[in-house]
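Notes follow once the structure below has been shown.
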Amino acid sequence: MLSKTMEEALNTQVNREFYSSYLYLAMSAYFESANMKGFAHWLRIQAKEERTHGEKIYDYILARGGKISLGAIEAPKAKWASAGKVFEEVYAHEQKVTGMINNLVEHAIKEKDHASFEMLQWFVKEQVEEEANASDILAQIRIVGDVPGHLFYLDHHLGKRG
Ligand code: FEO
């Protein structure tokens, strides 16, 4: 059985993962409107992944006999100045999420909640990958130059994400 405080903290994280999904979907729509279909595709897949992250925690809460409490999802912004600005924000957002996961791990340790600690280790590993992906794409944008005309190859490459 989950403690009430852990149940609340995990429900909050479900909301944050769904917000991440919403944010990346908004970014995908921004690239669609700029006719950069590869970037749009990459972020669309990322948005789906975030939804699965939220659902993973959702399923865990239920498996532990906890209660689901779904709050309102904050509206993301809709416009960015450039591809580089989008990925600066993706990278910063992922670093923020890593901080949230680390706080949950600390919480599990404090409560001696071994099951939650174990479940959260998947997210600890996932965040290493999430930060690396965002920072790699940001670095590539900076190499070619943060200008739509220069990003054609990268757009093509990101469009291949399966
Ligand atoms: Fe669910 Fe991108 O971390």
Side-chain angles (χ1 to χ4, degrees), residues 2 5-32 36-64 66-109 113 115-142 146 154-155 157-162:
L2 282 174
T5 55
M6 183 56 86
E7 180 186 277
E8 204 181 302
L10 291 173
N11 269 300
T12 299
Q13 192 61 31
V14 170
N15 184 282
R16 285 167 171 168
E17 298 292 342
F18 274 83
Y19 171 73
S20 300
S21 179
Y22 230 35
L23 175 65
Y24 296 154
L25 197 58
M27 290 170 168
S28 178
Y30 159 77
F31 281 116
E32 287 284 356
M36 294 167 85
K37 302 276 184 195
F39 279 95
H41 171 78
W42 195 94
L43 282 155
R44 183 82 185 259
I45 290 180
Q46 195 57 34
K48 277 191 197 140
E49 262 198 22
E50 297 300 348
R51 194 183 155 132
T52 66
H53 294 172
E55 286 171 348
K56 205 175 174 78
I57 300 169
Y58 172 100
D59 286 337
Y60 173 77
I61 295 169
L62 290 178
R64 296 286 312 279
K67 192 169 170 296
I68 296 295
S69 147
L70 299 175
I73 301 169
E74 188 189 333
K77 66 182 189 190
K79 268 183 97 173
W80 287 266
S82 66
K85 291 290 174 202
V86 172
F87 274 86
E88 272 174 23
E89 196 170 323
V90 172
Y91 186 36
H93 183 70
E94 288 302 333
Q95 288 173 298
K96 206 163 118 189
V97 173
T98 298
M100 293 170 191
I101 298 295
N102 288 344
N103 286 342
L104 285 169
V105 171
E106 294 289 331
H107 190 149
I109 291 170
D113 180 349
S116 295
F117 178 87
E118 173 65 22
M119 182 277 291
L120 288 164
Q121 295 311 300
W122 184 91
F123 285 89
V124 170
K125 283 191 216 111
E126 179 70 6
Q127 281 313 118
V128 173
E129 199 185 304
E130 297 275 79
E131 282 193 34
N133 287 341
S135 107
D136 285 353
I137 295 171
L138 182 56
Q140 286 162 16
I141 292 170
R142 285 176 175 159
D146 190 10
L154 190 53
D155 188 60
H157 173 70
L158 293 177
K160 289 184 177 159
R161 182 177 184 182

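When a ligand or atom number is given, it counts from 1 through the structure's own listing order.
Defined by atom type and a distance below 3.5 Å, a donor-acceptor pair is present between the side-chain atoms of Gln13 and Glu17. Judged purely by distance below 3.5 Å, without hydrogens or angles, the side chains of His53 and Ser20 never pair a donor atom with an acceptor atom. A side-chain donor from one of Glu130 and Gln46 sits under 3.5 Å from a side-chain acceptor of the other. A donor-acceptor contact closer than 3.5 angstrom links the side chains of Asp146 and Ser82.
Residues forming a salt bridge (charged side-chain N to carboxylate O under 4.0 Å, His left out) with Glu94 (at least two apart in sequence, or on another chain): none.
Of all protein atoms, those of element N, O or S that lie under 2.8 Å from atom 1 (Fe) of ligand 1 number 3.
Between the side chain of Glu89 and the backbone N or O of Lys85 there is no donor-acceptor pair closer than 3.5 Å.
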